[in-house]
Novice: 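Shown below is the structure under consideration.
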Amino acid sequence: MRLLLMSDTHLPRRAKRLPEPLLAELPHADVVFHAGDWVDTATLDLLESRSRRLVAVYGNNDGPELRARLPEVAHADLGGLRFGVVHETGPAAGREARCAARFPDLDVLVFGHSHIPWDSTAPTGLRLLNPGSPTDRRRRPHCTYLTATLADAALTDVTLHRLR
């Protein structure tokens, strides 16, 4: 199963549209994750129409229209792993322990908010993934998103893609 992970698209404030390399991944993804801060409903409509399955949440910059359509936390059981998606997880210091306590029944937590890519594992085994942002690099050298493969109840080939 091919996974595509993104967050913090902030359209049309940070960019006019999603980058072409990211859009080119959509037909290959079995599941698309978006960890919030869409800002516009057009991007949600686009991903809903082009994704086989979309697992998504709203973020702190998302208004009432997006909050009416998306949850604060989303869950999905995929290929033997329990996934969760949330926008904010708090400061980097202590993140693994805090998220493991908040989400004890998950195997993988996809999150956003910081625009900074993150891949770590809590002592409990919870894998934390932040794909960064494909449109707003903030203090990072590149805009980013993630892809991964899910097979035999294992997440493999987790790849950070850097955009120009």
Side-chain angles (χ1 to χ4, degrees), residues 1-10 18 21-39 41-62 64-92 94-134 144-161:
M1 184 179 302
R2 180 99 165 137
L3 309 179
L4 173 60
L5 297 80
M6 69 184 85
S7 186
D8 298 284
T9 47
H10 290 273
L18 293 175
L22 177 65
L23 291 171
E25 293 278 359
L26 287 172
H28 306 291
D30 297 296
V31 182
V32 175
F33 292 88
H34 192 299
D37 272 5
W38 306 73
V39 179
T41 57
T43 305
L44 175 56
D45 294 339
L46 172 78
L47 291 185
E48 283 180 333
S49 70
R50 292 196 188 177
S51 302
R52 290 182 199 149
R53 181 172 181 185
L54 178 64
V55 181
V57 297
Y58 66 78
N60 62 296
N61 284 298
D62 295 328
E65 289 182 49
L66 287 160
R67 289 171 186 247
R69 294 173 60 184
L70 296 166
E72 181 180 8
V73 179
H75 296 90
D77 291 334
L78 303 169
L81 292 180
R82 299 160 301 175
F83 285 79
V85 184
V86 67
H87 184 63
E88 295 186 55
T89 61
R95 179 175 283 142
E96 287 84 4
R98 193 172 48 254
C99 290
R102 183 177 174 195
F103 301 103
D105 296 331
L106 295 182
D107 299 304
V108 180
L109 179 65
V110 180
F111 68 98
H113 188 60
S114 67
H115 298 219
I116 299 172
W118 186 279
D119 184 351
S120 67
T121 303
T124 61
L126 173 67
R127 180 108 178 242
L128 291 94
L129 297 172
N130 184 328
S133 170
T144 58
Y145 66 93
L146 286 170
T147 57
T149 302
L150 175 57
D152 300 321
L155 199 58
T156 62
D157 303 322
V158 177
T159 304
L160 181 68
H161 298 267

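One-based numbering along the sequence shown. Any value given below was found using the heavy atoms of this structure, including those in side chains, with hydrogens, waters and symmetry copies removed.
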Novice: Consider side-chain hydrogen bond (donor to acceptor under 3.5 Å, both in side chains). Of Asn61, Asp37, Thr89, Asn60, which one does His113 pass it with?
Specialist: Asn60
Novice: Does CD in Glu48 sit with more than 12 non-hydrogen atoms of other residues, nucleotides or ligands closer than 6.0 Å?
Specialist: yes
Novice: Could you tell me if the side chain of Val86 sits less than 4.5 Å from the side chain of Val57, heavy atoms only?
Specialist: no
Novice: Write down the atom of Ser7, the atom of Pro134, and the distance for their closest heavy-atom approach.
Specialist: O-CD, 3.2 Å
Novice: Restricting to non-hydrogen atoms, name the atom on Asp107 and the atom on Gly80 that form the minimum distance, rounded to 0.1 Å.
Specialist: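 Taking Asp107 first and Gly80 second, the nearest heavy atoms are OD2-O, 4.2 Å.
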Novice: Sequence neighbours excluded, which residues qualify as ring-ring contact (aromatic ring centres under 6.0 Å, His included) partners of Phe83?
Specialist: Phe33
Novice: Given Leu129, which partner from the list Val158, Val85, Leu3, Leu109 fulfils the side chain to side chain contact (heavy atoms under 4.5 Å, CB included) test?
Specialist: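 With Leu129 as partner, Val158, Val85, Leu3, Leu109 yield a single side chain to side chain contact (heavy atoms under 4.5 Å, CB included), made by Val158.
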Novice: Out of curiosity, Arg82 CZ to Asp105 CG, how far, rounded to the nearest 0.5 Å?
Specialist: 6.0 Å
Novice: Could you label the plane-to-plane angle of the His115 and His10 rings as parallel, tilted or perpendicular, counting under 30° as parallel and over 60° as perpendicular?
Specialist: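 Answer is tilted, since the angle falls between 30° and 60°.
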Novice: Is Met6 close to Thr43 at the side-chain level, that is, under 4.5 Å between some pair of heavy atoms?
Specialist: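 A side-chain contact is absent here, since even the closest heavy-atom pair is not under 4.5 Å.
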Novice: Go through the steps to decide whether Arg2 and Asp30 satisfy the test salt bridge (Lys or Arg N to Asp or Glu O under 4.0 Å), and finish with yes or no.
Specialist: CA-CA 5 Å; Arg2 180 99 165 137; Asp30 297 296; over 6 Å; no
Novice: Closest heavy-atom contact between Trp38 and Leu70?
Specialist: NE1-CD1, 3.3 Å
Novice: Does a side-chain heavy-atom distance below 4.5 Å link Arg127 with Asp119?
Specialist: yes
Novice: Could you give the distance from CG (Asp62) to CZ (Arg67), rounded to the nearest 0.5 Å?
Specialist: 6.5 Å
Novice: Determine whether a donor-acceptor pair (N or O, by modelled atom type, separation under 3.5 Å) exists between the side chain of Arg98 and the backbone of Pro91.
Specialist: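 Yes, because the side chain of Arg98 sits within donor-acceptor range (under 3.5 Å) of the backbone of Pro91.
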Novice: If you measure from OH on Tyr145 to NE2 on His34, what distance do you get to the nearest 0.5 Å?
Specialist: 14.0 Å
Novice: With distance as the sole test, does His161 use its side chain to make a donor-acceptor pair with the main-chain N or O of Thr144 at under 3.5 Å?
Specialist: no
Novice: For Ser114 versus Asn130, what's the shortest heavy-atom pair and its separation?
Specialist: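 Shortest heavy-atom contact: OG-ND2, 3.2 Å.
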Novice: Quick one: closest heavy-atom pair of Val55 and Ala74, and the distance?
Specialist: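 That closest heavy-atom pairing would be CG1-CB, 3.9 Å.
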Novice: Rounded to the nearest 0.5 Å, how far does CD of Glu96 lie from OG1 of Thr124?
Specialist: 9.5 Å
Novice: Are side-chain heavy atoms of Phe111 and His87 found at a separation under 4.5 Å?
Specialist: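 With C-beta onward as the side chain, the pair stays apart.
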Novice: Nearest 0.5 Å, please: how far is CG in Leu150 from CG in Asp157?
Specialist: 11.0 Å
Novice: Check whether any side-chain heavy atom of Leu47 lies under 4.5 Å from a side-chain heavy atom of Leu18, and answer yes or no.
Specialist: yes
Novice: Determine yes or no for a side-chain-to-main-chain donor-acceptor pair under 3.5 angstrom, with Trp118 supplying the side chain and Gly112 the backbone.
Specialist: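 Here the side-chain-to-backbone pair does not exist.
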Novice: Run Val39 and Thr9 through side chain to side chain contact (heavy atoms under 4.5 Å, CB included) and show every step you take.
Specialist: CA-CA 8 Å; Val39 179; Thr9 47; over 6 Å; no
Novice: Determine whether Leu126 and Leu128 make a side-chain contact, defined as any pair of heavy atoms from C-beta on separated by less than 4.5 Å.
Specialist: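 The answer is yes; the side chains approach within 4.5 Å.
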Novice: Do Leu23 and Leu46 have side-chain heavy atoms sitting under 4.5 Å apart?
Specialist: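 They are in side-chain contact.
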Novice: Indicate yes or no: at least one non-hydrogen side-chain atom of Leu22 is less than 4.5 angstrom from one of Leu4.
Specialist: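 SC-SC contact between Leu22 and Leu4 confirmed.
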Novice: Show the nearest heavy-atom pair for residues Asp8 and Ser133, with the distance to one decimal.
Specialist: O-OG, 2.6 Å
Novice: Could you state the interatomic distance from OG1 (Thr149) to CG (Leu155), rounded to the nearest 0.5 Å?
Specialist: 8.0 Å
